[in-house]
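Notes follow once the structure below has been shown.
In what follows, chains carry the letters A, B, and so on, assigned in the order in which the sequence lines appear, proteins first and then strands, with residues in each chain numbered from 1. These numbers come from a predicted model, not from an experiment.
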Number of protein chains: 2
Amino acid sequence: MLNNAEISELLKKARLRPTRQRIFVASLLFGSEHIHVSAESLHHKIKQLGQKIALATVYNCLHHFHKAGLLKKVNAVNDVIMFDTNLSYHHHFLNVDTGELTDIDEATVSIAELPKLPDGFETESMELTIRVKPQS
Amino acid sequence: MLNNAEISELLKKARLRPTRQRIFVASLLFGSEHIHVSAESLHHKIKQLGQKIALATVYNCLHHFHKAGLLKKVNAVNDVIMFDTNLSYHHHFLNVDTGELTDIDEATVSIAELPKLPDGFETESMELTIRVKPQS
DNA sequence: AATTGATTTAGAATGATTTTAAAGTAATGT
DNA sequence: ACATTACTTTAAAATCATTCTAAATCAATT
Ligand SMILES: [Mn+2]
Ligand SMILES: [Mn+2]
Ligand SMILES: [Zn+2]
Ligand SMILES: [Zn+2]
């Protein structure tokens with residue numbers, strides 16, 4: 001629920017030119033509930049809303065937003081890269097049928113022990129994915 | 001370290017015809033340490049060993065072995081499907097630079113609490129991936 | 001308004017995987 | 001053994017997500 005001026009401001013702070021396309025994409029991503037999108041899913045949503053932005057631009061946009069720290073890249077699912085507006089450290093349910101991701105409330109998971117890393121390595125990120133499917 | 005007769009037996013038990021190609025592929029996968037392979041990496045290894053099996057056959061083989069419960073499919077990494085000869089429930093280090101997977105000893109991780117699943121869903125699998133990179 | 005460098009875009013290219021369809025082979029019955 | 005049958009292998013084409021190319025457009029700056 002941010003207005004265009006606010007979105008422009010947000011983009012400028014991230015050192016991204018507030019272009020027509022970026023403003024529209026950002027309006028779909030930020031300022032409301034956290035969501036998970038792929039380039040394709042976002043492109044579909046844009047078309048549904050009667051706008052026309054090239055698919056390549058959506059890819060560019062998502063990657064730029066990610067580099068700028070506005071989006072988190074989530075483990076690919078079914079060969080599709082998902083981006084997450086929830087930047088905090090958290091885990092996911094993954095619907096294996098649809099590929100849909102749902103955040104897991106971090107308070108409900110606790111990892112008690114962790115193994116030591118291989119020598120000379122450091123952790124980049126850590127994610128628990130619980131793959132779920134409709135009860136059979 | 002299985003001989004061809006043992007591998008044939010293993011394939012028959014899995015209701016897979018013990019063809020020349022499957023026997024060779026199985027000999028590379030089973031009977032020694034647990035490994036993680038992609039179709040490409042396995043195909044490379046086969047060529048290195050002076051054998052010639054079509055890449056499509058390697059794909060078919062891995063998928064058949066997976067359906068037969070001989071291999072576990074691990075989350076895709078960098079757009080590449082990895083298969084795991086370690087069938088037990090376990091977690092991985094993922095080298096984000098190379099895509100290489102390493103098993104985490106299950107005894108060194110413990111997940112203390114888990115969230116409740118969405119209604120009508122059941123867990124298919126659960127995996128912790130610790131992405132690691134060379135220390136900077 | 002002109003310049004400059006970034007951005008957008010359609011379309012081509014890429015790379016992993018899957019599909020097709022034809023040729024080859026394992027299993028089964030005779 | 002031989003024939004039959006069903007399954008498997010293979011090269012090549014197709015698919016699909018993503019990236020690249022190069023020309024057109026645009027935002028920011030002078
Ligand atoms: Mn793919
Ligand atoms: Mn790809
Ligand atoms: Zn999330
Ligand atoms: Zn493993």
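- Distance CD (B:Gln51) to P (D:dT10): 11 Å, rounded to an integer number of Å.
- In this structure, the nucleotide among D:dT10, D:dA17, C:dT9 sitting nearest to the side chain of B:Gln21 is D:dT10.
- Taking the centre of each ring, B:His91 and B:Tyr89 come in below the 6.0 Å mark.
- Nearest-nucleotide mapping onto DNA chain C: of B:Leu55 and A:Arg22, the residue sitting toward the 5' end is A:Arg22.
- Which of D:dT18, C:dT19, C:dG11 sits closest to the side chain of B:Ala56 comes down to C:dT19.
- Distance CZ (B:Phe65) to P (D:dT8): 11 Å, rounded to an integer number of Å.
- For the pair B:Leu11 CG and D:dT8 P, the computed distance is 11 Å after rounding to whole Å.
- Taking every side-chain heavy atom of B:Ile81 into account, C:dT17 is the closest of D:dT9, C:dT17, D:dA17.
- No side-chain heavy atom of A:Ile7 sits less than 4.5 Å from a side-chain heavy atom of A:Pro18.
- Distance B:Asn60 CG to D:dA11 P: 12 Å, rounded to the nearest Å.
- Set against C:dT9, C:dT17, D:dT9, the side chain of B:Ala39 has C:dT17 as its closest nucleotide.
- Between B:Phe24 atom CZ and D:dT10 atom C1' there is a gap of 18 Å when expressed in whole angstrom units.
- There is a side-chain donor-acceptor pair under 3.5 Å between A:Asp84 and A:His92.
- If you run ring-ring contact (aromatic ring centres under 6.0 Å, His included) between A:Phe83 and each of A:His34, A:His64, A:His63, only A:His63 comes through.
- Under the salt bridge (Lys or Arg N to Asp or Glu O under 4.0 Å) criterion, A:Glu106 pairs with no residue at all, not counting sequence neighbours.
- The phosphate of C:dT17 has neither OP1 nor OP2 within less than 4.0 Å of any side-chain N or O from B:His63.
- If you check D:dT9, D:dT18, C:dA10 against the side chain of A:Tyr59, the one that comes closest is D:dT18.
- Here B:His43 lies out of heavy-atom contact (under 4.0 Å) with every strand.
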Seminar exercise, completed: 5' to 3', nucleotides 24-30 of chain D under a 4.0 Å protein heavy-atom cut-off (B base, S sugar-phosphate only, - none) gives ---BS--

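- Between B:Arg22 and B:Leu16 the shortest side-chain heavy-atom distance falls below 4.5 Å.
- Looking at B:Asp103 and B:His36, their side chains do bring a donor and an acceptor atom within 3.5 Å of each other.
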